[in-house]
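Working notes, beginning with the structure itself.
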Amino acid sequence: QDVPHRPASPRLTSHDTATDMTNKTFHVTVPVADEDLAADRLWQLGVEAVGVGPDVDGFVELWTSVGGRDAAIDRAAATLESHWSWRTADVVAPDETWRDFATPNRYRADGVVVPAWQVAEFEAVAERDGDTVVTVIEPATSFGLGDHPTTSLSLGMLADRLAATSVGSLLDVGCGSGVLGVMAAQRGVPIVRATDVSAGAVEATLANAALNGVADRVEADLAELADLAGPFDFVVANILAPVLIALAPQLQRLTAATGELLISGILVDDHAHVLDALRPMRVVSTETAGGWAAGLLRHEVTTSVSTTAR
C-alpha cells in the first residue's frame, strides 16, 4: 500500500556514482500497533512516499527512500524506537517508459519546464516565444518535472513574486530535481540554497543548475535546516504537511523579517493545522489546483531587511 505525497513515481531509479550517492530503500519492521507512529517518523524525514506492507504475525513493514548516504541512513535510524528493526536495500530500477509520456509544463505565460530529452523538439517553440524562461530538467532519481499540481502552483506563485519584488536569496526546502531553485536563479535570484534528505535529489539539483547555466548561483546539499544560518529573502517548501509542521519553527526562523514563505504539498480541504503551526506568520495569498493548495505567508510584524546568508 503506497501512501505517496505525489503520484507514485517511477523516477526512483538506482543511480550509481563514484561516491555513496546510490539511492536505497529504508525498511522498518514494527508491531502493528506502532504502524501510525512509524509512518509519522518516516514522513518527518521529508520523504516523498511511505510504503506499508501487510500484517504478518502481528508485525508490519514500512519503507521509503532517504537517499544512499550513510549519514542520511543513520539519521533515519536514529529516529526509530529501540524495539523496531530496520534494514536497507538497493533501489530496483523500474521501467523508464514514463519518459515517453512526459510533456513540457507551462506554469506561466512566460515560463515553461521542459524534460531534458525533449529539448530538441521544443527549440522551435522556444525560439518563437523569445521572452519565455525555459527550464530544462532531468529528474534522474528525484521528483520534479513541474507537472504535479503542487510543483506547478509553486512555480507560478514563485515566478509571480520574483516579477513583483527583488529577492536576493532563496532557500528551497525539499528541492527534489531543483526545478524551483533553478527557475529562481534563471529569473535573477543571485543566491539559491537547496536542501533535501535524498542524495539523488541533491545530485539532480546541481546537475540541472549546470544544465541551465546557473551553477554559480545554486548550492545544494543534505544540510539540516537547524544547521543553516539564514535568513533568506524567500523560502519555498513544497513538502508534506507533517513535515511542514515539524519544520515550522525552522521555516519561520529562516524566513527574513520582511521575507516571504511559500508552502505547498498541502490539501485544499485539510491544511488549517499547517497554518496553525506556522503562526504568527499570516497567509497573504492562496492558489489551488487539483485538490492541492499553495500559500504565501509573511511574518506578522516586519522590521528592517536582514542580511542574507547561506
Side-chain angles (χ1 to χ4, degrees), residues 46 107-108 110-111 113 133 135 144 146 150-196 201 205 208-209 212 214-221 223-239 243-244 247-266 274-275 277-287 293-310:
Y107 59 88
R108 196 170 182 263
D110 67 345
V113 178
V133 175
T135 304
T150 61
T151 311
S152 189
L153 285 169
S154 298
L155 284 164
M157 293 182 72
L158 175 56
D160 287 345
R161 295 309 300 151
L162 295 179
T165 187
S166 176
V167 173
S169 61
L170 178 141
L171 173 64
D172 183 3
V173 180
C175 57
S177 68
V179 62
L180 295 171
V182 169
M183 183 274 286
Q186 288 178 293
R187 291 181 181 271
V189 178
I191 298 174
V192 174
R193 188 74 159 79
T195 67
D196 203 291
T205 295
N208 285 320
N212 288 276
V214 292
D216 59 331
R217 297 185 175 194
V218 178
E219 178 182 353
D221 56 31
E224 301 280 354
L225 294 192
D227 296 329
L228 300 183
F232 296 84
D233 294 337
F234 203 101
V235 177
V236 58
N238 178 25
I239 50 181
V243 185
L244 286 170
L247 296 179
Q250 296 297 337
L251 294 173
Q252 291 173 308
R253 178 183 69 84
L254 291 167
T255 304
T258 56
E260 295 177 324
L261 168 64
L262 175 61
I263 62 169
S264 190
I266 54 178
V274 178
L275 301 183
L278 288 165
R279 294 185 187 280
M281 295 189 80
R282 59 187 175 85
V283 178
V284 294
S285 66
T286 302
E287 292 189 14
L296 185 71
L297 294 86
R298 296 179 187 146
H299 288 290
E300 187 65 36
V301 179
T302 59
T303 58
S304 59
V305 177
S306 302
T307 302
T308 59
R310 289 181 187 269

Do D110 and R187 come close enough that some side-chain heavy atom pair is under 4.5 Å? yes
Minimum heavy-atom separation for S154 to L180, with atom names? CB-CD2, 3.7 Å
Verify side-chain contact (heavy atoms from CB on, under 4.5 Å) between R217 and L170, making sure each step is shown before the conclusion. CA-CA 10 Å; R217 297 185 175 194; L170 178 141; over 6 Å; no
Are any of the side-chain heavy atoms of V179 and N208 separated by less than 4.5 Å? no
Compare every heavy atom of A248 with every heavy atom of A277, then report the nearest pair and how far apart it is. O-CB, 3.5 Å
Hey, does the side chain of R253 reach the backbone of L225 with a donor-acceptor pair shorter than 3.5 angstrom? yes
Pairs meeting criterion salt bridge (Lys or Arg N to Asp or Glu O under 4.0 Å) with involvement of residues 171-185, two or more places apart: none
Spacing of M157 atom CE and T286 atom OG1 [to the nearest 0.5 Å]: 6.5 Å
Walk me through whether D196 and T205 qualify under side-chain contact (heavy atoms from CB on, under 4.5 Å). CA-CA 10 Å; D196 203 291; T205 295; over 6 Å; no
Can V113 and T151 be said to form a side-chain contact (heavy atoms from CB on, under 4.5 Å), step by step? CA-CA 11 Å; V113 178; T151 311; over 6 Å; no
Of the non-hydrogen atoms in N238 and G265, which two are nearest, and what is the gap between them? OD1-N, 3.4 Å
Beyond-backbone contact of I239 with L247, side-chain heavy atoms, under 4.5 angstrom: yes
Got a donor-acceptor contact below 3.5 angstrom from the D233 side chain to the S169 backbone? yes
Working for side-chain contact (heavy atoms from CB on, under 4.5 Å), residues L162 and F234: CA-CA 10 Å; L162 295 179; F234 203 101; 5.6 Å; no
Taking all heavy atoms of A237 and all of L244, pick out the closest pair and write down the distance. CB-CD2, 3.7 Å
Polar side-chain atom of S264 near backbone of T150 as donor-acceptor pair, under 3.5 Å: yes
For residues 152-162, which residue pairs pass the salt bridge (Lys or Arg N to Asp or Glu O under 4.0 Å) check, not counting sequence neighbours? R108-D160, R161-E260
Separation between CG (L275) and CE (M281), nearest 0.5 Å, reads 11.0 Å
Tightest non-hydrogen contact, residues I263 and L261, listed as CG2-CG, 3.8 Å
Write down the atom of L228, the atom of R193, and the distance for their closest heavy-atom approach. CD2-NH2, 3.2 Å
Out of L278, L262, L251, which one pairs with L297 under the side chain to side chain contact (heavy atoms under 4.5 Å, CB included) rule? L278
Main-chain N/O of A223 paired to D221 side chain as donor or acceptor, under 3.5 Å: yes
